[in-house]
Amino acid sequence: MGADASDKGSPEPDPRVTQWVRPEIRALSAYAVQDAGDLIKLDAMENPYPWPASPLVDEWLVRLRDPELNRYPDSAARTLKARLREWLGLAPRFGLVLGNGSDELIQMIDLAVAAPDRVVLAPEPTFVMYRMIAAFAGMRYVGVPLRGDFGLDRPAMLEALARHAPAVVYLAYPNNPTGNCFDDADVRAVIEAAPGLVVVDEAYAPFTDHSFIAALGEHDHLLVLRTLSKMGLAGLRLGMLAGSAAWLTEVEKVRLPYNVNTLTQLSADFALEHRAVLAGQAAEIRAERARLAEALAALPGLTVYPSEANFLLVRVRGGRASALFEGLKSRGVLVKNLDPAGGALRDCLRVTVGRREENDAFLAALQGLLF
Ligand SMILES: *Cc1c(COP(=O)(O)O)cnc(C)c1O
């Protein structure tokens with residue numbers, strides 16, 4: 001994103017750009033994706049396991065021979081939606097909207113409610129797209145600091161809800177980049193006090209036993225967001241938003257007609273037919289997460305935070321996070337350096353749980369740098 005422009009250095013400011021591009025957009029930096037090259041990729045919360053070549057990949061390729069790519073996709077994604085409803089255990093009275101990744105659903109939600117001076121609110125630190133997409137939609141964004149243990153600060157949240165009356169509250173559950181699930185009673189207090197919509201973003205659902213899907217029937221202004229990305233299908237780009245039909249009928253109106261392409265619809269349907277494979281991989285990731293957390297906790301100068309996601313947040317004492325990040329990179333391992341984000345994330349690295357041998361390579365590199 002924006003690579004071409006930045007590769008050539010700063011061009012002369014074009015006065016028309018300055019005149020017409022909204023100041024809040026000019027103030028943003030495009031979402032940065034690191035080039036991993038040949039590095040061991042532990043930066044982006046991807047599932048490290050491919051599908052078994054036989055029979056899964058073979059059967060999938062057979063399925064991919066059928067679609068007519070000269071035709072538009074099924075805009076209503078009927079087959080895939082039926083599969084997703086069954087998978088999520090979603091009753092027919094609830095709505096379901098699909099997105100090109102859950103990022104696009106966040107954008108649709110904001111577009112459906114956006115007006116100048118309307119507010120999007122989220123606890124922080126959290127997923128940066130909540131802030132960015134609020135800016136795209138021309139909304140005001142309010143971040144409410146989490147407590148030191150990364151739990152919701154209930155009084156501060158309630159005070160902010162009363163003061164800003166946000167159109168939308170986003171709660172990542174488990175939270176990215178901290179890895180924890182907020183306390184159930186705190187989340188419920190936020191849902192009860194919120195004057196607008198509350199979106200519980202369950203991108204990491206495969207790696208936790210907690211979910212608010214079962215609470216959908218209790219509150220019409222609660223929506224649950226899911227994605228196939230972190231469970232092993234990041235390349236397909238498929239997100240889903242479930243909840244009250246009254247809300248989702250409106251969100252559906254801002255969806256571009258063919259946002260989920262034919263190959264994604266087919267492939268996601270196929271993958272969910274074989275979801276035992278993905279569930280097995282999630283179980284392996286959870287086991288590796290426990291092993292990696294224990295090994296990291298045994299190293300000097302590191303604090304590992306409890307995680308219900310497929311990554312671990314690690315705090316490095318002595319202001320060494322950026323040096324460790326560079327050291328790991330030079331030893332062939334790419335993690336996410338959160339130190340530049342500052343605030344509560346100063347001195348922090350985020351490492352995605354990889355395959356056993358990748359985690360071992362990461363641990364060995366880290367050990368070499370610490371001793
Ligand atoms: C990764 C992530 C997403 C984005 O998921 P996509 O479906 O790939 O767009 C959404 N929310 C949170 C909290 C995430 O960490």
Side-chain angles (χ1 to χ4, degrees), residues 31 33 44-51 56-57 59-61 63-64 66-67 69 71-90 94-112 127 129-130 133 170 172-174 176 199-208 211-213 216 223-243 248 251-282 285 309-310 352:
Y31 187 85
V33 177
M45 280 81 92
E46 292 146 329
N47 172 337
Y49 304 105
W51 286 354
L56 218 55
V57 171
E59 283 178 24
W60 172 58
L61 290 174
R63 198 75 66 89
L64 290 181
D66 291 339
L69 293 184
R71 304 289 177 200
Y72 280 109
D74 173 11
S75 179
R78 290 170 190 84
T79 307
L80 175 58
K81 273 185 162 179
R83 171 89 61 197
L84 290 167
R85 281 182 174 278
E86 173 239 333
W87 174 53
L88 296 171
L90 198 65
F94 292 116
L96 182 65
V97 179
L98 304 189
N100 188 329
S102 47
D103 286 350
E104 196 193 31
L105 287 161
I106 297 167
Q107 188 179 50
M108 285 185 224
I109 294 164
D110 288 4
L111 285 179
F127 188 45
M129 292 311 292
Y130 303 146
I133 293 172
Y170 287 101
Y173 182 89
N176 169 13
V199 178
V200 175
D201 179 351
E202 301 189 338
Y204 300 96
F207 313 106
T208 177
S211 170
F212 272 84
I213 281 269
L216 285 179
L223 301 180
V224 171
L225 185 60
R226 291 279 185 98
T227 175
L228 297 189
S229 295
K230 312 295 159 57
M231 69 188 277
L233 299 165
L236 286 185
R237 308 302 297 132
L238 184 73
M240 63 223 79
L241 182 65
L248 291 186
V251 173
E252 178 74 14
K253 292 177 189 170
V254 300
R255 185 177 68 82
L256 297 177
Y258 304 111
N259 64 327
V260 179
N261 73 73
T262 303
L263 297 180
T264 292
Q265 290 189 32
L266 257 168
S267 303
D269 185 49
F270 174 81
L272 290 170
E273 212 177 295
H274 299 277
R275 57 180 173 261
V277 173
L278 295 173
Q281 294 176 343
I285 291 166
N310 63 343
T352 304

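Model, not experiment: these values are computed from the prediction.
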Any donor-acceptor pair under 3.5 Å linking the side chain of Arg85 with the backbone of Phe94? yes

Measure up the Tyr72 and Tyr258 rings against each other and bin them: parallel (under 30°), tilted (30 to 60°), perpendicular (over 60°). parallel

Look at the aromatic rings of Phe207 and Tyr204 and report parallel, tilted or perpendicular, splitting at 30° and 60°. tilted

Backbone of Asn310 reached by a side-chain donor or acceptor of Lys230 within 3.5 Å: no

Has Thr227 got a side-chain atom pairing as donor or acceptor with Gly239's backbone, closer than 3.5 angstrom? no

Without swapping roles, check the side chain of Asp74 against the backbone of Arg78 for a donor-acceptor pair under 3.5 Å. yes

Closest heavy-atom pair and its distance - Gln107, Ile133: CA-CG2, 3.4 Å

With Arg226 as partner, the option from Val200, Ile213, Leu241 fulfilling side chain to side chain contact (heavy atoms under 4.5 Å, CB included) is Ile213

Side-chain donor/acceptor of Glu104 to backbone N/O of Leu238, under 3.5 Å: no

Side chains of Arg255 and Ser75: do they bring a donor and an acceptor to under 3.5 Å? yes

Do you know which two heavy atoms are closest between Leu80 and Asp269, and how far apart they sit? CD1-N, 3.7 Å

Could you tell me whether a side-chain N or O of Glu202 sits under 3.5 Å from a main-chain N or O of Val224, the two making a donor and an acceptor? no

Under 3.5 Å donor-acceptor, Asn259 side chain and Leu98 backbone: yes

Quick one: does any side-chain atom of Gln265 pair with a main-chain N or O of Val260 as donor and acceptor, under 3.5 Å? yes

